[in-house]
Enquirer: 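I am attaching a structure below and will ask some questions about it afterwards.
Just so you know, these numbers come straight off a predicted model, no measurement behind them. Residues: numbered from 1 along the sequence shown. Keep in mind that the numbers below use all heavy atoms, side chains included, and drop hydrogens, waters and symmetry copies.
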Amino acid sequence: MEGDGRYCYRYPRPSVTADCVLLGFDGSALNVLLVRRANDPFKGCWAFPGGFMDMDESAEECARRELCEETGLEVDSLRQFHTFSAPLRDPRGRTVTVAFYGLVRVCDVAGGDDAADARWFPLDGLPPLAFDHDLILQGALKALRERLCLEPVGMGVLPEVFAMDDLLRLYGAVMGAKPDSGVFCRRVMESGILEERGVRVAAGGREVPLFCFNAARYGGLCACCGAGGLL
């Protein structure tokens, strides 16, 4: 809606888009969700799910709508991390994008709307990306890694019941290097975010303790800015 006419003015206005960097954990490595563009510019190239914001929606609403339309996914845990506004970033004209990221478990996706295909790619095996999406990806990874220093991650990404090694692999995949297992395990247990859920018998008869997240404690640490992560 343009307004009642009293506040209209002549001034160049950029278009606004929202882009989603969805990072998926497959149990051992980090993957990135990309869509193949069906239209110009960059037709046939891979990019992040996203698109132009409608006049009656917020940037986050746009991000969720575009993600669902182009991949079939509905994700609750999207976080805004940066606005990319370089004047020549989009050959269609002056376009500012508000970027979001999410960390999820790898799941089935299907291309839709103006996405010819949707697919998970390993983080270390990405195809060339359209627009300035290489820069956007680096920003998303930086934001996620900084988040690990402030609050826990893993709920909704790991299975409901998991071993400590599973959580350790998740953190290693995000950080790009495996944390010190002794220090990491001690901090996790001291944080109180885990509850014991029995054991499983591994190869050779070794018993491996199993855990689940304590939702109240986990949520409390996430809500307490600067409480400290597990690294």
Side-chain angles (χ1 to χ4, degrees), residues 1-3 7-24 29-75 77-104 106-147 174 176:
M1 204 173 164
E2 287 294 332
Y7 306 109
C8 294
Y9 59 100
R10 296 181 178 275
Y11 197 81
R13 304 177 203 181
S15 298
V16 180
T17 60
D19 286 303
C20 294
V21 183
L22 212 59
L23 302 164
L30 211 57
N31 299 262
V32 182
L33 179 59
L34 300 177
V35 296
R36 189 190 293 274
R37 291 181 56 80
N39 303 314
D40 286 324
F42 299 102
K43 181 178 180 179
C45 293
W46 293 92
F48 296 124
F52 288 95
M53 186 169 66
D54 291 336
M55 294 298 288
D56 61 349
E57 65 183 357
S58 67
E60 183 173 346
E61 289 169 340
C62 174
R64 294 183 185 280
R65 173 180 57 79
E66 289 286 346
L67 178 62
C68 184
E69 289 176 354
E70 294 186 346
T71 71
L73 292 186
E74 295 184 8
V75 176
S77 56
L78 289 181
R79 294 194 178 204
Q80 181 178 330
F81 68 93
H82 196 66
T83 298
F84 293 84
S85 59
L88 301 179
R89 60 174 303 276
D90 190 329
R92 293 169 293 191
R94 187 74 170 93
T95 305
V96 174
T97 195
V98 183
F100 296 79
Y101 80 86
L103 178 62
V104 299
V106 167
C107 56
D108 292 337
V109 294
D113 194 37
D114 57 354
D117 191 11
R119 195 181 307 171
W120 292 101
F121 288 86
L123 182 60
D124 59 359
L126 297 179
L129 301 181
F131 302 102
D132 56 351
H133 287 194
D134 283 312
L135 182 63
I136 293 176
L137 175 60
Q138 294 310 309
L141 290 171
K142 181 175 183 290
L144 176 57
R145 288 165 179 166
E146 289 175 349
R147 176 180 163 193
V174 172

Enquirer: Answer whether the closest heavy-atom distance between the side chains of L123 and L137 falls below 4.5 Å.
Expert: yes
Enquirer: Does W46 use its side chain to pair, donor to acceptor, with the backbone of L33 at less than 3.5 Å?
Expert: no
Enquirer: Closer than 3.5 angstrom, by distance alone: can the side chain of E74 be matched with the main-chain N or O of C68 as a donor-acceptor pair?
Expert: no
Enquirer: Heavy-atom count around D40 CG within 6.0 Å, excluding the residue itself: above 12?
Expert: yes
Enquirer: Could you go through residues 79-86 and list every donor-acceptor pair under 3.5 Å that involves a side-chain atom there, pairing it with any protein atom two or more places apart or in another chain?
Expert:
residue	atom	partner	partner atom	Å
R79	NH2	E151	OE2	2.7

Enquirer: Going by the rule side-chain hydrogen bond (donor to acceptor under 3.5 Å, both in side chains), which residues pair with E57 if we only count those two or more places apart in sequence or in a different chain?
Expert: R65
Enquirer: With sequence neighbours excluded, what pairs up with K142 under the side-chain hydrogen bond (donor to acceptor under 3.5 Å, both in side chains) test?
Expert: E146
Enquirer: What's the shortest heavy-atom distance between F100 and A18, and which atoms?
Expert: CE1-CB, 4.3 Å
Enquirer: Return the set of residues passing ring pair (Phe, Tyr, Trp, His ring centres under 6.0 Å) with F48 (not counting sequence neighbours), or none when no residue passes.
Expert: H133
Enquirer: Could you tell me if the side chain of P49 sits less than 4.5 Å from the side chain of L22, heavy atoms only?
Expert: no
Enquirer: Report yes if the side chains of L141 and L23 come closer than 4.5 Å at any heavy-atom pair, otherwise no.
Expert: yes
Enquirer: With the side chain counted from C-beta on, respond yes when F131 and C45 share a heavy-atom pair under 4.5 Å apart, and no when they do not.
Expert: no
Enquirer: Once rounded to the nearest 0.5 Å, what's the spacing between atom CD of E60 and atom CG of L78?
Expert: 6.5 Å
Enquirer: Do V21 and L144 have side chains that get closer than 4.5 Å, going by heavy atoms?
Expert: no
Enquirer: Please check this pair: side chain of D54 against backbone of D56, looking for a donor-acceptor N/O pair closer than 3.5 Å.
Expert: no
Enquirer: Of all residues at least two apart in sequence or in a different chain, which pass the salt bridge (Lys or Arg N to Asp or Glu O under 4.0 Å) check with D132?
Expert: R89
Enquirer: Does some side-chain heavy atom of P41 sit less than 4.5 Å from a side-chain heavy atom of R92?
Expert: yes
Enquirer: Kindly write out the residues that satisfy ring pair (Phe, Tyr, Trp, His ring centres under 6.0 Å) with F52, not counting sequence neighbours, or none if the list is empty.
Expert: none
Enquirer: Quick check: does any side chain N or O of D114 sit under 3.5 Å from a backbone N or O of A38, one acting as donor and the other as acceptor?
Expert: no
Enquirer: Which value, rounded to the nearest 0.5 Å, describes the distance between Y101 atom OH and I136 atom CD1?
Expert: 15.5 Å
Enquirer: Run L126 and D134 through side-chain contact (heavy atoms from CB on, under 4.5 Å) and show every step you take.
Expert: CA-CA 10 Å; L126 297 179; D134 283 312; 5.9 Å; no
